[in-house]
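Worksheet: the structure to be examined is printed underneath.
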Number of protein chains: 2
Amino acid sequence: MPRTIAEAQTPGRRRRSEGKKTAILDAAEALFLTEGYDRTSVDAVAARAGVSKRTVYDHFGDKETVFLRVVERVGESLLATVRAAVDEELTSGRDLGTALTAFAHRIVDRTFPSPDYLTFRRLQAQQSPAGKQPVTVRDRPEQLLEERFAGLAAEGAIHAENPAVAARHFTALTITLALQAALDQREDLPPRDSARIIADGVAAFLRAYA
Amino acid sequence: MPRTIAEAQTPGRRRRSEGKKTAILDAAEALFLTEGYDRTSVDAVAARAGVSKRTVYDHFGDKETVFLRVVERVGESLLATVRAAVDEELTSGRDLGTALTAFAHRIVDRTFPSPDYLTFRRLQAQQSPAGKQPVTVRDRPEQLLEERFAGLAAEGAIHAENPAVAARHFTALTITLALQAALDQREDLPPRDSARIIADGVAAFLRAYA
DNA sequence: CAGAAATCACACTGTTCGGTGTAGTTTATC
DNA sequence: GATAAACTACACCGAACAGTGTGATTTCTG
C-alpha cells in the first residue's frame, strides 16, 4: 500500500488521525449514496473505513454529523469543479458553441468516477433527520454561472435581457438532462449518451440565445 | 360528515373495505412524501388512516407493497393528467405559445393541491428496499408528449429534426425548472414563481424551435 | 522510558419497528 | 337471528441499530 509523499515522512499521530477521518467520510459518502441515510448503519461505515465504530463516534459525535460533513465536503468539491470549469472553459474570444460544450462536458463527465454534481444532488435529496439542515452551498455553483453569463451578455456573445435566466436555461438543456439520463439508467432502455444530449442542448441554446 | 351518493346507500362490506384501502394509501402517500420511506412506520400510516395496524397488513401484506401500490397509483394519476393536458391544450390550429404555456401550467400547478408530477418524482427518488422495483409508468408521460411534438413538427408548427429531443427540451425549460424551484423553496430566497419561469421557458423554446 | 493521544475490541442499553397471533366486536347478508 | 367478512385492540417476538462505557493496545513525543 503506497502512500503519498507527504504522508510518508513522519506519519504523526495527527496525520494518521486525519487520514482515518477522511477514510470515514469516504466510506460514508459511498454508502449514503448507494443505500441512503437510514439504511446505512454506523457499523457499516466503520467496517468499510477499516475503523472501529468507536472511532467514528470519537471523531464525529453522531451519525447525523457524519452526514453533514459528507454533504459539506461534496458541496465544496462541486463548487471548486464549477469554478474551475467556468474560469477555464468559458473564456472570452472563444467560439461560443465550443466553449459551452466543453464546459458542460466537464461538469457532467470529466469529474468521473465521482461526478460531483450528481453526487451532490443525490445526497441533497436524501432525507436525514430533518434537524440541522446542511447550510448548503446550494445555488452557489449556479450563481457562478449566472455571473459569467452576465459577462457574455455584456460582450454581446449571447442575447438575453436576463442573463440569469439564460444560465438556468443552459443548465436545464444540457447538464440537468444529461444527469437525469444518467440517473434513470436502467438496463432496459438504450443509454442516451451524454455527448449526444449535450450537443443537442447546446444547439438549442444557441438557437435561442446566440 | 356527508357521503357521496354512491356510498350512502348500502355501504356494503366490500365498499367499506375498499374505502379503508384507499384511506391507507392516502395516509401512506402523505407520510412517505414528507417523511420518507424509512422514517414512516406502519403504525403511523395506520393511525393516520384511522385504521388498525392489523388491517394494513391484512390488506397489503407488508410495508413495501404499500409503497409499491402508492407509487403505482400516483403514476397512473400523473399519466392521466398528462394525457388530458396533451389532448385538450396542445390542439392544432391554436397559437403555439399560448398552447404550450397553458399545457405547462396544467402540469405544474393545475393539479394542486396534489401536483402529480412533483409527487411522483419525489416518490421515485425515495429509496424503498431496492427489491421489487415499481414496474413504473416512468417515461410514459414523456412519451405522450413526444408523440404530440412529432405531430406538431409534421404540421410545421415547430422545426425539429428530432421531435423527441424538442419535447425533452420543452419539458426541461418549463416543467422541470418550475418544479425544481418549487422543491428548493426555502424561506430565505424570494420565491421564483412558476408563471414567470414558464413564460421565460416558453419564450426560449419558441426562439429555438418556432 | 514515561505519558498521552489515538484507536480498538467488545459488551451492553434502550428503543424503534416490522410483522404475527389471537380473541373479541361490529355489521352486512341470507 | 345465525353466519361470516371486515376490523380492532393488544400483547408479543426478534432483529437492527444508535450510542456509551471500559479497559487494553499501539504509537508518537518529550
Side-chain angles (χ1 to χ4, degrees), chain A residues 1 3 6-28 31-32 35-70 126-132, chain B residues 1 3 6-28 31-32 35-70 126-132:
Chain A
M1 294 207 173
R3 300 185 177 198
E7 281 171 336
Q9 53 186 4
T10 342
R13 281 195 299 246
R14 214 44 169 299
R15 276 218 154 66
R16 302 245 313 193
S17 184
E18 218 52 37
K20 303 233 166 187
K21 217 161 169 173
T22 69
I24 292 168
L25 290 179
D26 289 344
L31 290 173
F32 285 150
E35 308 298 321
Y37 180 85
D38 290 290
R39 260 184 280 285
T40 298
S41 71
V42 176
D43 285 283
V45 171
R48 175 158 187 152
V51 145
S52 80
K53 172 157 78 155
R54 207 63 187 73
T55 300
V56 175
Y57 280 100
D58 286 343
H59 274 307
F60 296 98
D62 61 13
K63 186 182 174 183
E64 196 180 344
T65 301
V66 175
F67 182 76
L68 267 283
R69 291 281 134 19
V70 167
Q126 210 66 236
Q127 276 140 324
S128 90
K132 20 180 174 169
Chain B
M1 294 207 174
R3 300 185 177 198
E7 280 171 335
Q9 52 185 6
T10 343
R13 281 196 300 246
R14 214 44 169 299
R15 277 219 155 66
R16 300 246 315 193
S17 183
E18 218 52 37
K20 303 233 166 188
K21 217 161 168 173
T22 68
I24 292 168
L25 291 179
D26 289 344
L31 290 172
F32 285 150
E35 307 298 321
Y37 180 85
D38 290 291
R39 259 184 280 288
T40 298
S41 71
V42 177
D43 286 283
V45 172
R48 177 159 186 150
V51 146
S52 80
K53 173 157 78 154
R54 207 62 185 75
T55 299
V56 175
Y57 281 100
D58 285 343
H59 274 307
F60 297 98
D62 60 14
K63 185 183 176 183
E64 196 180 343
T65 301
V66 175
F67 182 77
L68 267 284
R69 290 282 136 15
V70 167
Q126 210 65 235
Q127 277 139 325
S128 91
K132 22 180 174 169

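Letters go in sequence order (proteins before strands), and every chain restarts at 1.
- Between B:Glu35 atom CD and C:dT16 atom C1' there is a gap of 15 Å when expressed in whole angstrom units.
- Of all heavy-atom pairs between A:Leu25 and A:Val66, the closest is CD2-O, 4.1 Å.
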Working for side chain to side chain contact (heavy atoms under 4.5 Å, CB included), residues A:Leu68 and A:Phe60
CA-CA 10 Å; A:Leu68 267 283; A:Phe60 296 98; over 6 Å; no
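- Distances shorter than 4.0 Å separate none of the side-chain N or O atoms of A:Lys21 from OP1 or OP2 on C:dA6.
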Sequence-aligned protein contact record of nucleotides 10-24 of chain D, with B where the base is within under 4.0 Å of a protein heavy atom and S where only the sugar-phosphate is
-------SBBBBB--
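- Within the 4.0 Å cut-off from OP1 or OP2 of D:dA6, not a single side-chain nitrogen or oxygen of B:His59 is found.
- Side chain to side chain, B:Asp62 and B:Thr65 meet the donor-acceptor criterion of an N or O pair below 3.5 Å.
- Using cut-offs of 30° and 60° on the angle between ring planes, the pair B:Phe32 and B:Tyr37 is parallel.
- If you take NZ on B:Lys63 and CG on B:Asp38, they are separated by 6.0 Å, rounding to the nearest 0.5 Å.
- What separates NZ of B:Lys20 from P of D:dA6 is a distance of 12 Å, to the nearest Å.
- In this structure, B:Ser52 does not reach the D:dC7 phosphate: none of its side-chain N or O atoms is under 4.0 Å from OP1 or OP2.
- Heavy-atom minimum distance, B:Ala46 versus B:Ser52: CB-C, 3.9 Å.
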